[in-house]
Amino acid sequence: MNDPRVIDLRADPDADLSAVAAALRDGGAVAYPTETVYGLGGSCTPAGVARVRALKGRSSGKPLIALVASEEQVASLAWTDPARELASIFWPGALTLILPDPGHVFPEGVRDADTGAVGVRISPHPTVARLLGALGGPLTSTSLNLPGEPEARTFDEAVTVVRRLEADDVWMLNGGTLPPSAPSTVVDCTAPEPVVLREGSVPLSRLRCAIPEIHGNESE
């Protein structure tokens, strides 16, 4: 395969991302640094979702999450009061909120086919913010790794994964080596009382400072 197309953001933090955004609008994919690990994403369109799913071999039962630039981009989702409180405190940050999508704003593969809910997050990483600005809409996100293998935390690891995926059409944004981090915390906000599905960078103890009635993923 050919070498992946790379933009080195270490050498040029303000590099033009318009070509990447154009490729995403055409159903392409991008590997990019986040606040936790390198992610693999595409546009929140059926074509973009299908491309990322094909690359990752993602099962239909595991929706992709969506990174957004602002709460306004997901205002049509069904927000509970606890969800709004969590977003106001922890966004931008490594907190993914699961919210109902009654208007089917997001395509299947981001919207769960069984529950009709989507996972959304505002990332604090400046590269993600610039990429969202260039794209002009939400970006899907899944960790950049092969099934059962560790997530890429360095650019060299990211290149290795993309080459093993045999994906000539993936753009790569070089953000260097990422600091150690737990994955994002995932909170299901589809019911009146939120439930932590995965405890990660934002611990349950901090969430309970904001929402005392929040449940952990253990039986309570």
Side-chain angles (χ1 to χ4, degrees), residues 1-44 47-59 62-69 92-94 96 109-110 119 121-135 137-186 198 200-201:
M1 64 173 287
N2 298 323
D3 286 336
R5 292 167 290 185
V6 175
I7 295 179
D8 191 346
L9 297 174
R10 301 168 306 164
D12 184 5
D14 299 319
D16 184 4
L17 301 182
S18 59
V20 181
L24 295 178
R25 294 188 196 101
D26 286 340
V30 61
Y32 56 95
T34 74
E35 70 276 16
T36 54
V37 297
Y38 272 85
L40 177 69
S43 63
C44 279
V49 171
R51 181 58 183 142
V52 172
R53 279 186 169 281
L55 286 168
K56 278 290 295 270
R58 193 74 176 262
S59 69
K62 293 184 66 177
L64 305 172
I65 72 164
L67 300 180
V68 299
T96 299
V110 176
R121 183 168 90 245
I122 297 179
S123 170
H125 199 286
T127 295
V128 175
R130 292 193 61 234
L131 192 53
L132 288 169
L135 181 59
L139 177 74
T140 64
S141 181
T142 182
S143 59
L144 181 61
N145 63 302
L146 277 78
E149 297 190 7
E151 298 87 355
R153 294 186 179 276
T154 72
F155 186 69
D156 287 345
E157 290 172 351
V159 170
T160 297
V161 172
V162 169
R163 284 178 172 158
R164 289 177 64 190
L165 292 173
E166 298 184 351
D168 288 334
D169 60 341
V170 175
W171 281 85
M172 303 199 67
L173 305 185
N174 185 353
T177 299
L178 305 180
S181 173
S184 70
T185 295
V186 180
R198 180 180 73 192
S201 293

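Being a predicted model, the structure only gives us computed values, none of them experimental.
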Next item on the list: List the steps, then state whether side-chain contact (heavy atoms from CB on, under 4.5 Å) holds for V161 with E149.
Entry: CA-CA 10 Å; V161 172; E149 297 190 7; 6.0 Å; no

Next item on the list: Check the pair S184, R198 against side-chain hydrogen bond (donor to acceptor under 3.5 Å, both in side chains), reporting the backbone distance first and the verdict last.
Entry: CA-CA 8 Å; S184 70; R198 180 180 73 192; 3.0 Å; yes

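Rounded to the nearest 0.5 angstrom, L178 CG and E35 CD are separated by 9.5 Å. Considering CG of L40 and CZ of R53, their distance stands at 12.0 Å, rounded to 0.5 Å. Here the straight-line distance linking atom CZ of R130 with atom CG of L9 works out to 6.5 Å at 0.5 Å rounding. Note that CG of L17 is 9.5 Å distant from CH2 of W171, once rounded to the nearest 0.5 Å. Note that the CD1 atom of I65 and the OG atom of S141 stand 4.5 Å from one another [nearest 0.5 Å].
No donor-acceptor pair under 3.5 Å is formed between the side chain of T154 and the backbone N or O of T177. The backbone N or O of S43 lies less than 3.5 Å from no partner atom in the side chain of T140, so there is not a single donor-acceptor pair. Looking only at distances, no side-chain donor or acceptor of R51 sits under 3.5 Å from a matching main-chain atom of G41.
Listed here is the closest heavy atom pair of E157 and R153: OE1-N, 2.8 Å. In plain terms, the two heavy atoms of A66 and C44 that are nearest each other are CB-SG, 4.0 Å. Minimum heavy-atom separation, A31 to V162: CB-CG2, 4.4 Å. Of all heavy-atom pairs spanning E151 and S143, the tightest one is CG-CB, 3.5 Å. Taking all atoms of both residues into account, the shortest heavy-atom contact from S201 to A94 is CB-CB, 3.7 Å. Counting all heavy atoms, side chain and backbone alike, L55 lies closest to A29 at CD1-CB, 3.8 Å.
Between V128 and the choices V68, T34, L173, the side chain to side chain contact (heavy atoms under 4.5 Å, CB included) rule is met once, by T34.
For the pair V37/L144, no side-chain contact is recorded, criterion being any heavy-atom separation below 4.5 Å from C-beta on. Between T142 and K62 the shortest side-chain heavy-atom distance does not fall below 4.5 Å. Under the 4.5 Å side-chain criterion, counting only non-hydrogen atoms from C-beta, L131 is in contact with L139. With a 4.5 Å cut-off on side-chain heavy atoms, M172 and F155 count as touching. The shortest side-chain heavy-atom distance between K56 and L64 does not fall under the 4.5 Å cut-off. Two residues are said to be in side-chain contact when any heavy atoms from C-beta on lie closer than 4.5 Å; Y32 and V20 fail this criterion. Under the 4.5 Å side-chain criterion, counting only non-hydrogen atoms from C-beta, L135 is in contact with R25. Considering only heavy atoms from C-beta on, H125 comes within 4.5 Å of P33 through its side chain.
When only modelled atom types and interatomic distance are considered, T96 and R121 share a side-chain donor-acceptor pair under 3.5 Å. Residues S18 and D16 bring a donor and an acceptor atom of their side chains to less than 3.5 Å of each other.
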